[in-house]
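Working notes, structure below.
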Amino acid sequence: MCIRVHLWLNTLKFMAEENQNQQPAPNPERKTLDDRAKMTELERIRHSCAHVLATAILRLWPDAQFAYGPPVENGFYYDLECSHRISPDDFEKIEAEMKKEIKANNPFEKLTVTREQAIADASSGRLGGLGERPGNASKFKLDLLTQIPEGEAISYYKNGDFIDLCAGPHVMRTGNIGAFKLTSVAAAYYKGDEKGPQLQRIYGTAFKNKTALDEYFKMVEEAKRRDHRKIGAEMGLFAIDTEYVGPGMPLWLPKGTCLVEELEKLAKETEFAAGYVRVRTPHLAREKMYKTSGHLPYYADSMFPPISVMEEEDKKRSAFLASQLGAKGNALSIANENDPGSEKTFALSEEVRQLRGEFETVGTRYYLKAMNCPHHHRIFAAEPRSYRDLPLRLAEYGTCYRYEQSGELFGLMRVRSLNMNDAHIYCTEAQFAEEFRAVNDMYLKYFKIFGLEKYQMRFSTHSAEGLGKKYVNEPELWKKTEDMVRKVLIESGINYVEVPNEAAFYGPKIDVQVWSAIGREFTIATNQVDFAVPAKFGLTYRDRDNSEKTPLCIHRAPLGTHERFIGFLIEHYAGNFPLWLAPDQVRVITIGSEDDPASEALVKYAKEIVQQLRAEQVRVSTDFGSNPIKAKIQDAEQLRVHTMLVIGGRDMDAGVVSVRLHGKGPQGAKPKAEAVAAILAEIKERRA
RNA sequence: GCCAGUUUAGCUCAGUGGUAGAGCAACGGUUUUGUAAACCGUCGGUCGUCGGUUCAAAUCCGACAACUGGCUCCA
């Protein structure tokens, strides 16, 4: 999938901003007054708590300058600049000051002022302060004032001595903040701009009362237990060996590989039924590939550096360059233009400089692929194509490598080596709507299998201003494809949000957003329309009228990547996978030890059922040891073995097995054949 | 990459300048069983790495690495 367009977009965005002659940058966090009026009571409490936090911080460190302090999903934050570096050790002190302000039960007073008055107060340091602060103007508030549209009322909120530029709304009095707690500090860029100043962000949370606050922290603890990194270690699913393999490059342990392979099996079956064909491509490609696709140079930062090899033609070129340099009296070993001493002696001519530059970089560069689409495009190009071949659906679980920044790595959710459930569908314009609908149906089919209910479809479209800059300059194609996509979404009755100006440079896209156990948002799957890149590779097909045409391309990855999808599934199921996915599907446990001659017949009986299940590809383990049955059950439960078949003398005599399900306790006895059939059916149907 | 924090046995964690600890796991025995822990014993650590302070460093200081929570970015 060609998804890494943001770097490029940001570059363009930045350039565009530069050209705007210091116009104030738009503030993405700014809420309209209408939005604000809709704030819930809890949001008011949290927003008010942010003001109380600022009040407390100013009492401790009066030079602090505040930027934004909004309520967020689980609490609030306030961004500030301060000579003191605030650490969690300071929280107790800050919270004590906050409690004083809450106990004082000061009213939140709203004051409406003129723009001139506001600018004067910000200049004197009064806004976001406890009093005037000569020489310490409220610089962020001054900037925020420039973003309030002419004609919109400008208001302050005042609690005690603290006055903040704020449109509200707030609770009536500080005492209305029932219970709060500061949770963490972080760095945050002003207005989310990486190139802007970096502020300290203090996070906290607040609730109506102590009970609700305690419940929240209990929920957070519960979420931590579901964390895929924790469960992954407990269950032996994957390991990240940073010392020998590298950060962000998970090793799939045998049990994790069960999950990987079950997902691949599901994908292969589903795609086969939907008319896809499978392909396989190498992990590397020459530089030319990514120059042609347009990924270089914009994505170079997120790709592993290239491997340079001297192929025959490179060796010849190198020898030729060396001889040219030699002929010009510039033996490579002597002049070093970076050495000021030698520069005096050898003023390098432009020609020699160029020769030297080429000599130093001659070689063929191979990149580890960060996406599969260019390889698939070359498969399309490998044979002449007719309209009769379309739609051509090329599928591959492609292995990609991305050099993600170290701070962005996160368990399985964000990694540097990844396996994508990728496919590219090449089709005609007339076929597009049906193909796109079929892809959407496939998404929904998968989501049903996994019982995925909490997700959001995000439809990203272009913006007219971005045409020819952020987006390929094909206004009619944009409109046409976006209309087609929108129509499919509406007709399929899918709930979605439309996000303008977030499309890929080559076309609109639909992302599926989900949330990790600890509440972090991820794109789990994506579906993109591409009407630009196939042309860059000169891909064509021969149409019915003998004309050459460029196909449309749909990039789709409904199961995302193994890494992220499995990370998500681990948390979704809290490690308690349905039988078809469970790494430990069945364990046969005897009441009686194989070391005990008295249990010989029993163990033989148990082994029969093990053989029957294994013959049907069921993952079965055994526990015929001498531990007490309670201990054996506990071992299996802790391993999250899906189905336990407990066999004692009574079962053998009746020709049955006692079934126990993980987390659900004993389910009673069943005839042996019936138990086996039930297990096989449940796996085959991929029952939830 | 940026800010803050963390790093002690396979895992969870004690240990604030003076001889590295516990529980679980693993391993060896004993025990021979009816649905979430039978008993006894053994093994296991250059306290993330490197450097500094000190008579003495897991402990104090510095650099680096990895991880965690955020920011930016993203499947």
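Chain letters run A, B, ... following the sequence lines, proteins first and then strands; every chain starts at 1.
- E600(A) CD: 12 or fewer foreign heavy atoms inside a 6.0 Å radius.
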Steps toward side-chain contact (heavy atoms from CB on, under 4.5 Å) verdict (Y401(A), R416(A)): CA-CA 5 Å; Y401(A) 299 87; R416(A) 285 181 175 161; over 6 Å; no

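- Closest to the side chain of A187(A), out of rU72(B), rA66(B), rC3(B), is rC3(B).
- Distance check on atom P: rG28(B) versus rG70(B) gives 43 Å, rounded to whole Å.
- I524(A) comes within 4.0 angstrom of the backbone, heavy atoms only, and of no base.
- When heavy atoms are screened at a 4.0 angstrom cut-off, F565(A) is found touching no nucleic acid atom at all.
- The interatomic distance linking E521(A) (CD) with rC71(B) (P) rounds to 11 Å, in whole Å.
- The distance between atom CD of E404(A) and atom C1' of rU72(B), rounded to the nearest whole Å, is 12 Å.
- Nucleotide rC2(B) holds its C1' atom 15 Å from the CG atom of D301(A), rounded to whole Å.
- The existence of a salt bridge linking R556(A) and E271(A) is confirmed by a sub-4.0 Å separation between a basic side-chain nitrogen and an acidic carboxylate oxygen.
- Under 3.5 Å, the side chains of E502(A) and T461(A) contain no donor-acceptor pair of N or O atoms.
- rC50(B) and rC13(B) are spaced 25 Å apart, taking the P atom of each and rounding to whole Å.
- Residue contacts shown for T523(A) are limited to sugar-phosphate atoms, with no base heavy atom under 4.0 Å away.
- Taking atom CD1 on I86(A) and atom P on rG70(B), their separation rounds to 19 Å, with Å as the unit.
- Considering only the side chain of V185(A), rA4(B) comes nearest among rG70(B), rA4(B), rA37(B).
- For the C1' atoms, the distance linking rA58(B) with rU49(B) amounts to 14 Å, nearest Å.
- In a base pair of the Watson-Crick type (N1 to N3 plus N6-O4 or O6-N4) or a G-U wobble (N1-O2 and O6-N3), with each distance short of 3.5 Å, rA14(B) is matched with no nucleotide.
- Across all strands, Q200(A) comes closer than 4.0 Å to no nucleic acid atom at all (heavy-atom distances).
- Remark: R414(A) is not in phosphate contact with rU68(B), judged by side-chain N or O atoms under 4.0 Å from OP1 or OP2.
- Using a 4.5 Å cut-off on side-chain heavy atoms (C-beta onward), H228(A) and M413(A) make contact.
- Within 4.0 Å of A188(A), counting heavy atoms only, lie sugar-phosphate atoms of the nucleic acid but no base atom.
- Closest contact between the side chain of E637(A) and the listed nucleotides rU35(B), rU72(B), rA36(B) involves rA36(B).
- Using P as the reference atom, rU46(B) and rA20(B) are 13 Å apart when rounded to the nearest Å.
- Taking the charged nitrogens against the carboxylate oxygens, R229(A) and D227(A) do have a contact shorter than 4.0 Å, which makes a salt bridge.
- rG45(B) and rU12(B) are spaced 16 Å apart, taking the C1' atom of each and rounding to whole Å.
- Put simply, the side chain of Y605(A) reaches to within 4.5 Å of the side chain of K672(A), judged on heavy atoms.
- Annotation: side chain of T270(A) is not in contact with side chain of Y276(A) (no heavy-atom distance under 4.5 Å).
- With distances taken from any side-chain atom of P247(A) to the nucleotides rA66(B), rU68(B), rU35(B), the minimum falls on rA66(B).
- Taking the C1' atom of each, rC39(B) and rU8(B) are spaced 30 Å apart, rounded to whole Å.
- In this entry rG41(B) has rC27(B) as its Watson-Crick or G-U wobble partner, both defining distances falling under 3.5 Å.
- Mapping R564(A) and G411(A) onto RNA chain B via the closest heavy atom, the residue that lands nearer the 5' end is G411(A).
- Looking at Y189(A), its side chain comes within 3.5 Å of the base of rG1(B) through a donor and an acceptor atom.
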Pairwise N/O distances under 3.5 Å, protein to nucleotides 28-34 of chain B:
| residue | atom | partner | partner atom | Å |
| --- | --- | --- | --- | --- |
| rU31(B) | N3 | S626(A) | OG | 3.3 |
| rU31(B) | O4 | S626(A) | OG | 2.7 |
| rU32(B) | O2' | D596(A) | OD2 | 2.6 |
| rU33(B) | O2 | N627(A) | O | 3.1 |
| rU33(B) | O2 | I629(A) | N | 2.6 |
| rU33(B) | N3 | N627(A) | O | 2.9 |
| rU33(B) | O4 | G592(A) | O | 3.4 |
| rU33(B) | O4 | S593(A) | N | 2.8 |
| rU33(B) | O4 | G625(A) | O | 2.9 |
| rG34(B) | O6 | G649(A) | N | 3.0 |
| rG34(B) | O6 | R650(A) | N | 2.6 |
| rG34(B) | N1 | D651(A) | OD2 | 2.9 |
| rG34(B) | N2 | D651(A) | OD1 | 3.4 |
| rG34(B) | N2 | D651(A) | OD2 | 2.8 |
| rG34(B) | N2 | S658(A) | OG | 3.1 |

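- Between the OH atom of Y203(A) and the P atom of rC3(B) there is a distance of 17 Å, given to the nearest Å.
- The nucleotide rA66(B) finds its pairing partner in rU6(B), both defining distances of the Watson-Crick or G-U wobble pair being shorter than 3.5 Å.
- rU12(B) atom P lies 15 Å from atom CD of E221(A), rounded to whole Å.
- Atom-to-atom, CD of Q405(A) to P of rC67(B) comes out at 14 Å; the value is rounded to the nearest Å.
- Between the CZ atom of R201(A) and the C1' atom of rC71(B) there is a distance of 7 Å, given to the nearest Å.
- Pair assignment for rG34(B) gives none, since no Watson-Crick or G-U wobble pairing has each distance under 3.5 Å.
- For R660(A) and rA36(B), the shortest distance from a side-chain N or O to OP1 or OP2 is below 4.0 Å.
- Side-chain atoms of I633(A) lie closest to rU35(B) of the nucleotides rG69(B), rA4(B), rU35(B).
- Separating the P atom of rA25(B) from that of rC11(B) is a span of 15 Å, rounded to the nearest Å.
- Scanning atom types as modelled, one donor and one acceptor separated by under 3.5 angstrom connect the side chain of E408(A) and the base of rU72(B).
- Taking atom C1' on both rG15(B) and rU59(B), the two are 9 Å apart, rounded to the nearest angstrom.
- The pair D584(A)-R640(A) fails the salt-bridge criterion, with no side-chain N (NZ, NE, NH1 or NH2) lying under 4.0 Å from an Asp/Glu carboxylate O.
- A heavy-atom distance below 4.5 Å is not found between the side chains of K509(A) and H555(A).
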